[in-house]
Asks: 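I'd like to ask you about the structure that follows.
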There are 2 protein chains.
Amino acid sequence: MKSDKELVGASTAVIILGVLAREPSYGYQIVKRVNEAADGVWEWQEGTVYPVLHKLEKDKLVRAQWQEADTGRQRKYYYITAAGRDALSTQAERWKAFNGIVAQLVETPHG
Amino acid sequence: MKSDKELVGASTAVIILGVLAREPSYGYQIVKRVNEAADGVWEWQEGTVYPVLHKLEKDKLVRAQWQEADTGRQRKYYYITAAGRDALSTQAERWKAFNGIVAQLVETPHG
DNA sequence: AAATGATACCTCGAAGTTCTTGGGTTGTCA
DNA sequence: TGACAACCCAAGAACTTCGAGGTATCATTT
């Protein structure tokens with residue numbers, strides 16, 4: 001367990017879906033938001049997020065759309081699809097189950 | 001998120017440490033116990049566990065010792081070390097923190 | 001007691017994933 | 001026009017997992 005990498009990796013896709021379920025967003029902003037929430041526990045690199053976004057798009061769980069921001073700059077906004085919401089709730093459930101079992105197994109006798 | 005693999009991968013080492021913190025054990029038995037606890041949510045293969053055990057040993061978080069079981073058979077028992085216990089509690093804490101943030105991010109507005 | 005089959009245990013190589021590194025473009029501001 | 005910030009992406013390196021197989025022990029049969 002060299003770094004937090006392994007902890008983080010498992011959940012990238014679920015987190016992104018969660019963020020997009022609240023509100024459409026674009027890669028750069030997703031990174032910012034998640035890193036803010038993570039508050040130092042872990043930190044995403046930009047390069048980490050884009051491949052996952054592309055995969056989610058390919059799987060039709062999100063849909064991408066270039067859009068002009070009020071700044072005049074072009075941004076690639078991602079919207080979660082209906083299938084994406086389904087996947088999100090399924091995965092969130094699975095995550096909870098998984099975490100419960102881990103917690104139980106890791107629970108030590110003497111605190 | 002093709003399978004449970006990614007969910008599972010993050011925590012293999014922590015889980016093993018947790019199991020060994022309760023009681024020394026050997027590879028085959030660890031697999032059995034964890035799979036029983038996982039109860040279908042995921043399932044370890046034997047080949048998955050041994051590399052991790054070896055890495056933990058190399059990192060001095062566990063210590064291995066061949067021992068004769070009551071059946072007369074030789075088994076390689078793994079014991080958690082003091083450093084291993086430290087790592088376990090550190091990682092368990094980190095896991096909790098991590099999971100809390102994920103839960104918060106994944107929480108959807110409408111259930 | 002020798003042979004056979006089943007069980008317990010471990011290792012190694014191949015395959016598939018993810019992250020990191022680093023780069024490339026567009027717009028803003030001095 | 002130079003520097004900096006916002007924004008996006010590709011490819012290789014590094015990691016893990018899976019699958020197949022190898023060895024040793026026990027039980028059974030004859």
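Reminder, nothing fancy here: chain letters follow the sequence lines and each chain counts from 1.
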Asks: Strictly below 4.0 Å: does Y26(B) bring a side-chain N or O up to OP1 or OP2 of dA8(C)?
Replies: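 No, outside the criterion.
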Asks: Within less than 4.0 Å of OP1 or OP2 of dC10(C), is there a side-chain N or O belonging to Y50(B)?
Replies: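 For dC10(C), OP1/OP2 do have a side-chain N/O of Y50(B) under 4.0 Å.
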Asks: Mind checking if W66(A) touches a base, just sugar-phosphate, or nothing, with heavy atoms under 4.0 Å?
Replies: sugar-phosphate
Asks: Produce the list of close N/O pairs, under 3.5 Å, pairing protein atoms with atoms of nucleotides 23-26 of chain C; give distances to one decimal.
Replies:
from	atom 1	to	atom 2	distance (Å)
dT26(C)	O2	R73(A)	NH1	2.9
dT26(C)	O2	R73(A)	NH2	2.9

Asks: Can you sort out the partners of S25(A) under side chain to side chain donor-acceptor pair (under 3.5 Å), two or more places apart, ordered by chain and number?
Replies: Q29(A)
Asks: Within the structure, does a side-chain N or O atom of K55(B) lie under 4.0 Å from either OP1 or OP2 of dT16(D)?
Replies: yes
Asks: Would you say dA8(C) has OP1 or OP2 under 4.0 Å from some side-chain N or O of K76(B)?
Replies: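 Answer no for this pair, as no side-chain N or O of K76(B) is under 4.0 Å from OP1 or OP2.
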Asks: With heavy atoms under 4.0 Å as the rule, sort G47(A) into base, sugar-phosphate or nothing.
Replies: base
Asks: Determine the sole option in L56(A), I80(A), L20(A), T81(A) for which the side-chain contact (heavy atoms from CB on, under 4.5 Å) test with R63(A) is passed.
Replies: T81(A)
Asks: Excluding sequence neighbours, so at least two apart, what forms salt bridge (Lys or Arg N to Asp or Glu O under 4.0 Å) with K76(B)?
Replies: none
Asks: Enumerate the ring pair (Phe, Tyr, Trp, His ring centres under 6.0 Å) contacts for residues 55-87 of chain A, please, sequence neighbours excluded, ordered by first and then second residue.
Replies: Y26(A)-Y77(A)
Asks: Can you name the residues that form a side chain to side chain donor-acceptor pair (under 3.5 Å) with Q45(A), not counting sequence neighbours?
Replies: none
Asks: To the nearest Å, how far apart are L53(B) CG and dC12(C) P?
Replies: 14 Å
Asks: Taking 4.0 Å as the cut-off, does a side-chain nitrogen or oxygen of T48(B) come that near to OP1 or OP2 on dC18(D)?
Replies: yes
Asks: Can you check whether T12(A) has a side-chain N or O nearer than 4.0 Å to OP1 or OP2 of dT17(C)?
Replies: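 Result: no.
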Asks: Taking only residues at least two apart or on different chains, which pairs with a member in residues 26-38 of chain B satisfy salt bridge (Lys or Arg N to Asp or Glu O under 4.0 Å)?
Replies: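 Found E23(B)-R33(B).
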